[in-house]
There are 2 protein chains.
Amino acid sequence: MQEPTYLVLVALGEKPLHGYGIMKAVETLSDGRVKIGAGTLYAALDRLAELDQVELDREETEGGRVRRYYRLTRTGRQVLAEETAVRSRYVARALAILEGKG
Amino acid sequence: MQEPTYLVLVALGEKPLHGYGIMKAVETLSDGRVKIGAGTLYAALDRLAELDQVELDREETEGGRVRRYYRLTRTGRQVLAEETAVRSRYVARALAILEGKG
DNA sequence: AACTGTATATCGTCCATCGATATATGGAGT
DNA sequence: ACTCCATATATCGATGGACGATATACAGTT
């Protein structure tokens, strides 16, 4: 799983968000480093929905603009947990190596 | 940066390795989850060399088989450190979220 | 003789990301 | 009034890294 997709899962892990909200959340989460474009985001959302990792939470209409909220499914949360565990392992290993070498 | 490429950097972070050695190191590092194919590995090595993140360490010949050892450059070590820091941040955030939700 | 492990290398395909483009509303600035 | 920016979703072509297959070659095992 690539970084943008992972960050979408992390963002949705906290609470349901709509597309634009996810973009902003990922930007904040990454200290402004990662800006997910619309193309990447909606493609990822479609893909994750197909994989039963996210699903439509609700739709809100505000000032003529529709907001489509998505949430993690149980599967999605599991995938997030597994993906995080694996990444955690790599990071721990890398930190040990980097510290050891000074 | 994608996972296989990152794992190559982590593997080389410990000590210089030859191609096949990197494959085995990554496999161990990932508990058998990630098996980098030759195509991915040598392409990544070429790319990372082009980016001045890895370089040829030495060549050894053993039983007619050449072993080409690569090592991280200073730039490569910096990139590894930065990439690790960013990933560490994401993982920490994800763990906080996952724990908070139980 | 065939298979597995070690070792490097190339090639075509696939897929997620990226950047651009489109559409639409509302608010702020000039 | 006009323009720009933020909000909001959606699609499309191009790019690039990963994947799987294939090739070559030697050594040890079955």
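The sequence lines fix the lettering, A, B, ..., with proteins before strands; numbering per chain opens at 1. Quantities reported herein were computed from a predicted structural model and do not represent experimental measurements.
- Counting all heavy atoms, side chain and backbone alike, A:Pro4 lies closest to A:Ile36 at O-CD1, 3.7 Å.
- Rounded to whole Å, the distance from OH on B:Tyr20 to P on D:dA27 is 16 Å.
- Under the side chain to side chain donor-acceptor pair (under 3.5 Å) criterion, no residue pair touches residues 34-43 of chain A, with sequence neighbours excluded.
- To the nearest angstrom, P of D:dC12 lies 16 Å from OH of A:Tyr42.
- Annotation: side chain of A:Glu59 is not in contact with side chain of A:Arg67 (no heavy-atom distance under 4.5 Å).
- Minimum heavy-atom separation, A:Val26 to A:Val8: CG2-N, 4.4 Å.
- Scanning residues 64-73 of chain B for heavy-atom distances under 4.0 Å to DNA chain C yields B:Arg65, B:Val66, B:Arg67, B:Arg68.
- Listed by residue number, there are no residues of residues 75-88 of chain B with a heavy-atom contact under 4.0 Å to DNA chain D.
- For A:Glu50, the side-chain hydrogen bond (donor to acceptor under 3.5 Å, both in side chains) test picks out no residue, with sequence neighbours left out.
- When the salt bridge (Lys or Arg N to Asp or Glu O under 4.0 Å) test is applied to B:Glu83, the partners found at least two apart in sequence or on another chain are B:Arg87.
- Every side chain to side chain contact (heavy atoms under 4.5 Å, CB included) that A:Val86 has, sequence neighbours left out, goes to A:Tyr90, B:Glu3, B:Arg33.
- When rounded to the nearest whole Å, the span between CG of A:Leu45 and P of D:dA8 equals 15 Å.
- Counting only heavy atoms from C-beta outward, the side chains of A:Leu9 and A:Val54 approach each other to under 4.5 Å.
- For A:Glu82, the side chain to side chain contact (heavy atoms under 4.5 Å, CB included) test picks out A:Gln78, with sequence neighbours left out.
- Residue B:Arg68 holds its CZ atom at 9.5 Å from OG1 of B:Thr61, rounded to the nearest 0.5 Å.
- Checked against salt bridge (Lys or Arg N to Asp or Glu O under 4.0 Å), B:Arg71 has the following partners two or more places apart in sequence or in another chain: B:Glu55, B:Asp57.
- In this structure, A:Leu98 and B:Arg77 approach most closely via the heavy-atom pair CD2-CG, 4.0 Å.
- Listed here is the closest heavy atom pair of B:Tyr6 and B:Leu80: CE1-CD1, 3.8 Å.
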Residues 11-24 of chain B side chain polar contacts: donor-acceptor under 3.5 Å, at least two apart:
from    : atom 1 : to      : atom 2 : distance (Å)
B:Glu14 : OE1    : A:Arg93 : NH2    : 3.1
B:Glu14 : OE2    : A:Arg93 : NH2    : 3.2
B:Lys24 : NZ     : B:Glu27 : OE1    : 3.4

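- Ion pairing between a basic and an acidic side chain is recognised when a charged N comes within 4.0 Å of a carboxylate O; B:Asp52 and B:Arg74 show no such pairing.
- The rotation axes computed at either terminus of the helix from C:dA1-D:dT30 to C:dT30-D:dA1 lie 0° apart, taking five pairs at each end and rounding to 10 degrees.
- The span of DNA chain C lying next to chain A, judged by atoms under 4.0 Å from heavy atoms, is bounded 5' to 3' by C:dA16 to C:dG26.
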Find every protein N or O atom lying less than 3.5 Å from an N or O atom of nucleotides 15-21 of chain D, and list the pairs.
from   : atom 1 : to      : atom 2 : distance (Å)
D:dG17 : O4'    : B:Gln2  : OE1    : 3.4
D:dG17 : O3'    : B:Gln2  : OE1    : 3.1
D:dA18 : OP1    : B:Thr5  : N      : 3.2
D:dA18 : OP1    : B:Thr5  : OG1    : 2.6
D:dA18 : OP2    : B:Thr5  : OG1    : 3.2
D:dA18 : OP2    : B:Arg47 : NH2    : 2.6

